[in-house]
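Chain letters run A, B, ... following the sequence lines, proteins first and then strands; every chain starts at 1. Every value quoted in this text rests on a predicted model; they were computed, and no experiment measured them.
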Amino acid sequence: MKPERLATVKTHGLAFDTETHLTQPGLDAPPLVCGSAAQAAQPTQGTLLDKADARKAFGVILNNASIILVGQNIAYDCLVMAQDAYTRGIDLLPAIFKMYDEGRVYDIGLAEQLHAIAQGHLGRDPRTGYDLRDPQTGQVKVGYRLSVLLDLVCDRTNAKESDRFRKSYALLENIPLEEWPEDAKKYPVDDAVNTLEIALTQVAPPTAAYPPGAQFPARNRNLHNLSDQADAAWCLKLADAQGLTVDAPAVAELEASLDAKRAPLLGYFKDLDFFKIAPYKKRCKTEHLEPYACEECNGGKIGITKTGAERVNKDVIKMLLCDAYEVGGVCSHCLGERKVPGQTTCKACEGADIECFICGGVGKVDALKKDGTPKTLKNCQRCDGTGRDLDTAPIPRSDKTGAVQQGRDDLIESGVETLIEFAEFLETAKIKSTYIPWLKQGLDAPITQWCNPLLATGRISYTGCTVTLPRKGGVRECLVARPGKLLISSDFSGLELVTHAQNCLDILGWSKMAEALNAGIKVHDQLGADMSGIPYADFLTRRKAGEKLVGDYRQAAKPGNFGFPGGMGAPRMVLQQRKADFDTVGPDGKVYKGMRFCILIGGAERCGTEKVTKWGRSSLPPTCKHCIECAETLRDTWFKTWPENREYLNKFVNGVVRGSGEVTQLPTGRIRGGLDFCAAANTGFQGRGSDATKLALRRVTREQYLDRSSDLFGTRTILMPHDELIIEADIEQAHEAAMRLQVVMEDALKEICPDLEAAAEAEPCLMARMYKGAEQVWKDGRLVAWSP
DNA sequence: CTCGCCGGCGCC
DNA sequence: AAACGGCGCCGGCGAG
């Protein structure tokens, strides 16, 4: 927000709030019931507005260029009012966009989030350092809702004194205001008054309460970015309102095929004791004839979680891992018993007296029954319930708790055939427990989207699984375009390479990667060429010819270009790429899961002939030493190929960490504070990328809703997954819309990264349902839908 | 029983 | 000296 605009919040701020019917699936903007308002001129005098008055008031706000609209999550209220007008044949969208264009929207939540980002405490209460909580309910994961803001900004915890009707305004729909109960009338007014008070406090210089010479608490930081963020939030709200369309038969088919695939494996793994077995319940009236499963209480059957996944018997898996990693000996704490008595607070000292001779100052004693036997048993923490001496051989352990790790990578690396098979099985389990239930929300109506429009880096997130749908496994394909429409997906190519290069130009004044990108040099091939010692031109020729060696070098180079700018080290690179969706085939034909640098670029015959559990100071799960050495070489070469990064990491990033801990995002000037080395290294290129995508979204949205001459007019954005826009368009319009989308996106990126114009590229593809890896398909000079 | 934490894993 | 980051969701487990 421009400073002069910001100043007028004090004089021309107008808080506006709506009460609506409840949100329902497939309906992001429920019908209006009433509104409320409060004006800066009389900040304590809120007004309750019936439907007609609310419409009138919103009209005044839209048409009066001096008013600043103040609200919490105000994009929602704008959507409600727009939808309300639409049902009466009125199009408010042009006026709403105009208001945003004029920078007249002040969202108290976004303002506080921007400030918290600068201070490095987003999501936490700076007074305590703990995660945000609702001051009245104590609820966590509440975000910057009104009650939280009132507590944070105004130090008041009485936001909801009259919220009995908060979720029931629909009941009052057709009753005149005079007849409403007092608390029903008070609640909306309180909201408006509180909202305005928060805004006025946010923009006020903190003076009166502090003695002369005192250090004022920082306030208001980053508000220069508020208008852009508020506008992006509005466009994201419009996208949310589209929802995601689910192809119900496809979900049923996916579930059936999954179950068919899993059926034989269930018996197989059950026989291996890999699952927990549900107990026979005492209350069950059926006679339990073990080992037959009881149909009534499921006793004897595989235990099931609430989402339908099988309960894994982690103790059994752990023991097999111990065997595989040759962990022997006896745990010195539980003496091989695997369980130790549960503890309780020492009654002698009530857990406080360090001199206590009963508990020896620990404050805890074993919980025992009257007969002296343990009341409860819990896993021995020292051996993680294995009963073995975990120090006798290297095995993947958690840094924090010392627990034996049993992730997919750990199972696969164990080399045990059944564990490798089980690792594959777990992928289907995740689909069943996480993604199918999510998809099923959309069987009757589109899945409602809830975007959180501002994270610490500037990026966004969605509640639910929206942007984490697996690329493989058929989940994404259950999301479809509406009938007669196609999805257009367009992502920036190598967005963070471009933004990092621009950051280096801005911060250091030079960047070899910027030169390369602008010259059309393929940066992964360049790094691959430098790794292999083959000249770049030859490297390209030989790769086009399909030569395996150069292909391998290029494959290994790519994660380097993406990972090292963030400060990644070689061991982490190896572990991360070992989990990649990619198989490495050794010279002897052995297939390894994930990328193996030692084979791809180290000339090794086999991966993992020598494993290490330490590299420098950090401890690791057993990891191929040769792989790490190759990754170190890759990192050295990366520094030589793009030498600006020495200066970037060693001088700039280290300087930030040792100094203010703050990075100022360019070109928006948004500050992010409280950074450690890795966050400081990453935040610049992530944030700049998010700024580019948000700018593109804002331009695209305007053409979609306002510009009849645009090829995007009438199309709708449905998602913005970080470096990508996904929009829906009529089939006949899809080609033209895609071409226009590309131009708008590229122009936005050029604006955010003005010295990398030649590298700003977006590539739109058409598809009838969500696919990952869609490509452009051309027919008669037009883009057509891709399918696998 | 609920809550919060941790590990694990999905995506960009 | 060494160090990718940003998220959300599920399941297990311990504490109360």
Problem set entry | Parallel, tilted or perpendicular: ring planes of Phe274(A) versus Phe269(A), cut at 30 and 60 degrees | parallel
Practice item. For the pair Asp410(A) and Lys579(A), find out whether any cationic side-chain nitrogen is under 4.0 Å from an anionic carboxylate oxygen. Key: no
Touch class at under 4.0 angstrom, heavy-atom based, for Leu426(A) against every strand present: nothing
*Does a distance-only test, which skips hydrogens and angles, find a donor-acceptor pair under 3.5 Å between the side chain of Arg408(A) and the base of dC9(B)?*
no
Note: for Lys579(A) and Arg459(A) on DNA chain B, the residue whose nearest nucleotide lies more 5' is Lys579(A)
For dG7(B), does either OP1 or OP2 sit under 4.0 Å from a side-chain N or O belonging to Ser398(A)?
-> yes
Note to self: Can a side-chain donor-acceptor contact be found between Arg311(A) and Thr305(A) if the only test is distance below 3.5 angstrom?
What the structure shows: no
Original post:
Is Thr463(A) touching bases, backbone alone, or none of the nucleic acid, heavy atoms closer than 4.0 Å?
Top reply: sugar-phosphate
With hydrogens left out and only the distance checked, is there a donor-acceptor pair under 3.5 Å joining Gln686(A)'s side chain and the base of dG5(C)? yes
Rounded to whole Å, NZ of Lys694(A) lies from P of dG6(C) at a distance of 15 Å
In Watson-Crick or G-U wobble terms, with both distances under 3.5 Å, the base opposite dC4(C) is none
- Task: Verify the distance criterion only: is there a donor paired with an acceptor across the side chains of Ser511(A) and Glu644(A) at less than 3.5 Å?
- Result: yes
| said: Classify Gly569(A) by what it touches in the nucleic acid, base, sugar-phosphate, or nothing, heavy-atom distance under 4.0 Å. | reply: sugar-phosphate
Nearest-nucleotide check on DNA chain C, His722(A) vs Asn650(A); residue mapping nearer the 5' end is Asn650(A)
Rounded to whole Å, the CD-C1' distance (Gln113(A) to dG6(C)) equals 15 Å
From CD of Glu427(A) across to P of dC10(C) the rounded distance in Å is 18 Å
